[in-house]
Amino acid sequence: MPASSLAFTHDVTERFLRYVVIDTQSDPASPTCPSTEKQKDLGRLLASELQELGLADAHLDEHGYVYATIPANTDKTVPVICFCSHMDTSPDCTGANVKPQIVKNYQGGDIVLLPDRAPMTGIQGGRIEAPVIRAADHPALADQIGHDIITTDGTTLLGADNKAGLAEIMDAARFLVQNPQIKHGAIKILFTPDEEIGRGVDKVDLKKLGADFAYTMDGESAGHIEDETFSADGATITIEGVSTHPGFAKGKMEHAIKIAAAIIDRLPKNTCSPETTEGKEGFLHPIGISGALEKATIGFIVRDFTDEGLQEKEALLEGIVKEVMKDYPHSTYRMEVKQQYRNMKQVIDRHPETIDYAMEAIRRAGLTPVRSSIRGGTDGSRLSFMGLPCPNIFAGEHAFHSRLEWVSRQDMEKAAETIVHLAMIWEERA
């Protein structure tokens, strides 16, 4: 069936609005999988909706993963393709009581987030300021003229990361099921928990999934296909100080919290941090500090596009710690580094068709494909190294992990259309 003859219908916005009001925030401090039971609330809804579409094997497993299959409807032998999105939202900003709003037919300028419901965020000259998505700070808005922009009221994140991806996959699945004349191979659907805390594929059953290649729908601007991510480690510095009674501490006490603060203070000021880097530059980023007089812990994430870059930054960190510890001769430290994920480009480059077909699907959806890198990671990073090559396709999400998060209805529709075209292309080229 020629791509030009497809007459798309969409319910992606209705689905998205239904999903974002379900609180699915993950919790890095929880040892369980999923880290929060409330993620299963959305998982149950998604599994039920997939079953209603006629996907008989759709189910939510005990770990919070949703699996489903759209059966092949072609006589060709086609590689099995999976589309994947995550259900959790970031711990960085509350996802409870999301109140979405739609700015229809956006015509440019700043977007004020319902000042009657938004909290006071600052006072200038006695005037209460509402949260504002400023066009100057969000240049991607310049490409959204005439679009319907979905935001929150400014009190929570929206959850477009990654409920936009969920809604797009569901919309595309519905369209494929309702249009059996569109030929495709078997298509697998995978919805994961806990991606935002780095555990999105900890309990995934790849044998049950049975896919040859996959795509995460978790990217930003419309038209983008991403084949490269950061490589990532986590580093923990544990300081053992010297505790004494504060009334008799002179010359004896070595305060673990103050040692930790000194380490943070010695980090590079003008480079090697998220706020001072861009492009292919990596960083050291403290994400938590806790403790008391005798013992304190600092958590870091370390990011770079190469393994060598990671090692350099970890050596820099330990060098800083050693220098600080010279001033505290009776205290000790321990540094632990754990691998989190690696740059998926090392795997994707061995399967160029995954990118070529995605770029053609984006063209057929009426967009100009842009191949780019992610200053972050996706489930696809780890899936690629687990034997399932998995680049990342745009979902349309912007300003994620913040109260200013937004997404365009039209961009979500284009992402759903890209999924349909991609399923067709894999069948055509088989």
Side-chain angles (χ1 to χ4, degrees), residues 25-36 88-96 119 121-122 157 194 196-199 202 230-277 282-304 309-341 376-377 401-403:
Q25 194 172 43
S26 48
D27 179 6
S30 168
T32 62
C33 183
S35 64
T36 53
D88 65 318
T89 60
S90 171
D92 295 345
C93 180
T94 180
T121 58
L157 51 67
D194 291 339
E196 294 290 4
I197 58 173
R199 302 187 217 156
D202 279 6
F230 273 142
S231 287
D233 284 344
T236 303
I237 306 292
T238 303
I239 307 297
E240 298 280 356
V242 177
S243 176
T244 62
H245 188 288
F248 306 92
K250 185 174 181 179
K252 301 174 184 177
M253 180 184 290
E254 294 183 359
H255 203 308
I257 293 177
K258 291 183 178 180
I259 297 172
I263 292 168
I264 298 294
D265 186 60
R266 297 275 186 96
L267 294 174
K269 301 294 191 295
N270 300 312
T271 184
C272 208
S273 66
E275 61 269 32
T276 62
T277 54
F283 54 74
L284 278 171
H285 181 42
I287 58 170
I289 182 169
S290 62
L293 192 161
E294 190 173 49
K295 184 176 180 179
T297 301
I298 318 170
F300 289 84
I301 60 173
V302 190
R303 300 292 186 263
D304 202 277
L310 285 180
Q311 293 164 8
E312 290 171 2
K313 288 167 181 59
E314 289 154 8
L316 170 64
L317 177 58
E318 187 158 26
I320 290 170
V321 174
K322 287 180 177 178
E323 282 298 311
V324 170
M325 297 305 295
K326 289 178 181 178
D327 295 330
Y328 302 93
H330 302 293
S331 298
T332 61
Y333 81 93
R334 183 173 69 256
M335 178 170 168
E336 296 176 286
V337 176
K338 292 184 178 180
Q339 179 174 314
Q340 294 178 329
Y341 58 84
H401 298 197
S402 82
R403 289 172 168 81

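Note that the structure is predicted; figures quoted are calculated from it, not measured. The chain is numbered in sequence order, starting from 1.
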Stepwise side-chain contact (heavy atoms from CB on, under 4.5 Å) check, D304 with S231: CA-CA 5 Å; D304 202 277; S231 287; 5.8 Å; no
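Side-chain contact between F300 and V337 is absent, with no heavy atoms from C-beta onward closer than 4.5 Å. I287 places none of its side-chain heavy atoms less than 4.5 Å from the side chain of P28. Side-chain atoms of S273 and L267, non-hydrogen and from C-beta on, never get closer than 4.5 Å to each other. Side-chain atoms of I197 and P91, non-hydrogen and from C-beta on, do get closer than 4.5 Å to each other. Between H255 and Y328, every side-chain heavy-atom pair lies at or beyond the 4.5 Å cut-off.
Listed here is the closest heavy atom pair of K313 and V302: CB-CG1, 3.8 Å. Contact between C93 and L157 at its shortest, heavy atoms only, is O-CD2, 3.3 Å. The minimum heavy-atom distance between A232 and L310, with the atom names listed, is N-CD1, 4.0 Å. Considering all non-hydrogen atoms of both residues, R199 and S35 come closest at NH1-CB, 4.0 Å. For the residue pair A292 and A256, the shortest heavy atom distance occurs at O-CB, 3.6 Å. Shown here for D88 and E196, the closest heavy-atom pair between the two residues is OD2-N, 2.9 Å.
Once rounded to the nearest 0.5 Å, the distance linking CD1 of I239 with CE of M325 reads 5.0 Å. Separation of atoms CD1 (I289) and CD1 (I264) is listed at 5.5 Å; rounding is to 0.5 Å. Between the CD atom in E275 and the CG atom in N270 there is a gap of 10.0 Å [rounded to 0.5 Å]. Taken from CD1 in I259 to CG in L293, the straight-line distance is 9.0 Å, to the nearest 0.5 Å. Between the OG1 atom in T332 and the CD atom in E240 there is a gap of 5.0 Å [rounded to 0.5 Å]. Expressed to the nearest 0.5 Å, how far CZ of R303 lies from CG of D233 amounts to 8.0 Å.
Shown here is K269, whose NZ atom has more than 12 heavy atoms of other residues, nucleotides or ligands within 6.0 Å.
Sorted by first and then second residue, the salt bridge (Lys or Arg N to Asp or Glu O under 4.0 Å) pairs involving residues 247-261 (not counting sequence neighbours) form an empty list.
When each of L317, T238, V321, I263 is tested with I298 by the rule side-chain contact (heavy atoms from CB on, under 4.5 Å), just one qualifies, namely I263.
Remark: the backbone N or O of G241 is not paired with any side-chain donor or acceptor of E294 at under 3.5 angstrom.
Side-chain contact check for D27 and T36: no donor-acceptor pair (N or O, by modelled atom type) lies under 3.5 Å.
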